[in-house]
Amino acid sequence: MRKKIIAGNWKMNLDINESKQLIENIKNSEFDKDKEVIIFPPYVFLQLAEEELKDTDIRLGAQNLCQYDDGAYTGEVSAKMLKALGVDSVLVGHSERRTIFSENDQVINTKVKQGLENGLRVVLCLGESEDIREEAKHEDFVREQILKGLDKIEAKIGQLIIAYEPIWAIGTGKTCDPKDAEKMCKFIRDQLASLYGQEFAEKTRILYGGSVKPENAKELLEKENIDGALVGGASLDSKKFLDIINYEV
Ligand code: 13P
């Protein structure tokens with residue numbers, strides 16, 4: 001049984017007081033302990049979050065990392081720095097990084113490597129644009145993202161998490177049909193099986209992201225190959241985020 005993950009990607013939102021309040025609201029509420037919860041605040045609130053989360057099971061994630069070890073890289077943050085701060089997981093290849101900040105597959109591949117080599121769990125984000133989906137080329141596109149993103153990467157079971165986030169469903173309110181999301185997560189699992197073997201694929205969590213909210217969480221998360229949700233907008237509201245965690249209750 002793969003434990004479901006509910007992850008909140010805050011993106012570049014909230015101020016320091018709002019961040020503190022949001023964490024306190026989550027950690028002081030009743031939620032389903034059978035779920036693994038991860039929050040991904042902006043870099044500048046990681047230390048605050050780490051202190052707030054100390055005695056809880058909620059894990060801490062970072063939204064990005066630098067592809068280099070250390071040195072003259074103004075404005076960047078290394079995997080080693082994140083690890084030392086108590087960060088558990090890191091997002092790599094989010095579509096906003098790929099499109100707005102021009103990260104290509106080669107950069108993403110190096111970031112995956114950096115994260116894993118420094119003991120972080122890597123959440124590799126994949127997903128096609130609306131045009132690609134309309135042309136029915138989404139499977140080929142996502143397969144390419146997997147092959148390039150994971151090229152020469154040796155991952156152990158549990159170190160890698162995948163998030164399938166179709167770009168057209170991010171922040172649009174337009175959720176992927178749960179049947180289509182399930183089909184893509186199964187497709188991704190099959191690709192992992194060819195790369196790393198059946199056991200690895202069976203044990204790797206594959207999340208869905210893109211306009212997940214309390215109203216659609218159950219239908220998505222009940223699917224066999226959807227092992228959790230990467231939530232954007234709704235993770236900024238503690239009630240909505242908790243309702244997604246407690247979708248079964
Ligand atoms: P929304 O939930 O706001 O659509 O964002 C999804 C996302 O990008 C999570 O990484």
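If you're wondering where the values come from, they're calculated on a predicted model, not measured in any experiment. Counting starts at 1 for both ligands and their atoms, following the listed order.
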_Under 3.5 Å donor-acceptor, Asp88 side chain and Arg59 backbone_ = no

*asked:* Among all the protein's non-hydrogen atoms, which is closest to atom 2 (O) of ligand 1, and how far away is it?
replied: Gly232 N, 2.9 Å

_List ligand 1 atoms under 4.0 Å from Gly210, heavy atoms only on the residue side._
4 (O), 6 (C)

*Please work out whether any backbone atom (N, CA, C, O) or any side-chain heavy atom from C-beta onward of Asn9 is under 4.0 Å from ligand 1, and answer side chain, backbone, both or neither.*
side chain

*Applying a strict 4.0 Å limit to heavy atoms, is Gly171 in contact with ligand 1?*
yes

*Look at atom CD of Glu76 and say whether more than 12 heavy atoms of other residues, nucleotides or ligands are closer to it than 6.0 Å.*
yes

*Determine, using heavy atoms of Lys11 and all atoms of ligand 1, whether some pair is separated by less than 4.0 Å.*
yes

*Out of His94, Gln63, Glu165, Glu96, whose heavy atom sits nearest atom 6 (C) of ligand 1?*
Glu165

*List, by chain and then residue number, the residues other than Phe45 in its hydrophobic cluster (Ile/Leu/Val/Met/Phe/Trp/Tyr, side-chain heavy atoms under 4.5 Å); write none if there are no others.*
Ile16, Val44, Leu48

*asked:* Does this structure show an ion pair linking Lys27 with Glu52, if we count only N-O contacts that are shorter than 4.0 Å?
replied: yes

*Side chain, backbone, both or neither: the part of Ala163 lying under 4.0 Å from ligand 1 by heavy atom*: neither

*asked:* Whether Asp227 and Arg189 form a salt bridge (side-chain N of Lys/Arg under 4.0 Å from carboxylate O of Asp/Glu) is what I want to check.
replied: yes

*Looking only at distance, does Gly209 have an N or O less than 3.5 Å from an N or O of ligand 1?*
no

*ligand 1 atoms in contact with Leu230 (distance to a heavy atom under 4.0 Å)*: 9 (C), 10 (O)

*For ligand 1, which atoms, with element, lie under 4.0 Å from some heavy atom of Ala169?*
4 (O)

*Would Lys137 and Glu135 pass as an ion pair if we require N to O under 4.0 Å?*
yes

_Contact (N/O only, under 3.5 Å) between Gly233 and ligand 1_ = yes

*Quick check: does any side chain N or O of Lys4 sit under 3.5 Å from a backbone N or O of Leu221, one acting as donor and the other as acceptor?*
yes

Anything under 3.5 Å between a donor and an acceptor, one on a side chain of residues 63-73, the other on a protein residue two or more places apart or in another chain? List them.
from  : atom 1 : to     : atom 2 : distance (Å)
Gln63 : NE2    : Lys11  : O      : 3.0
Gln63 : NE2    : Phe40  : O      : 2.9
Gln63 : NE2    : Pro41  : O      : 3.4
Asn64 : OD1    : Lys111 : NZ     : 2.8
Asp69 : OD1    : Gln114 : NE2    : 3.1

*asked:* Need the ligand 1 atom indices (1-based, order shown) with element for anything under 4.0 Å from a heavy-atom of Ser211.
replied: 1 (P), 2 (O), 4 (O)

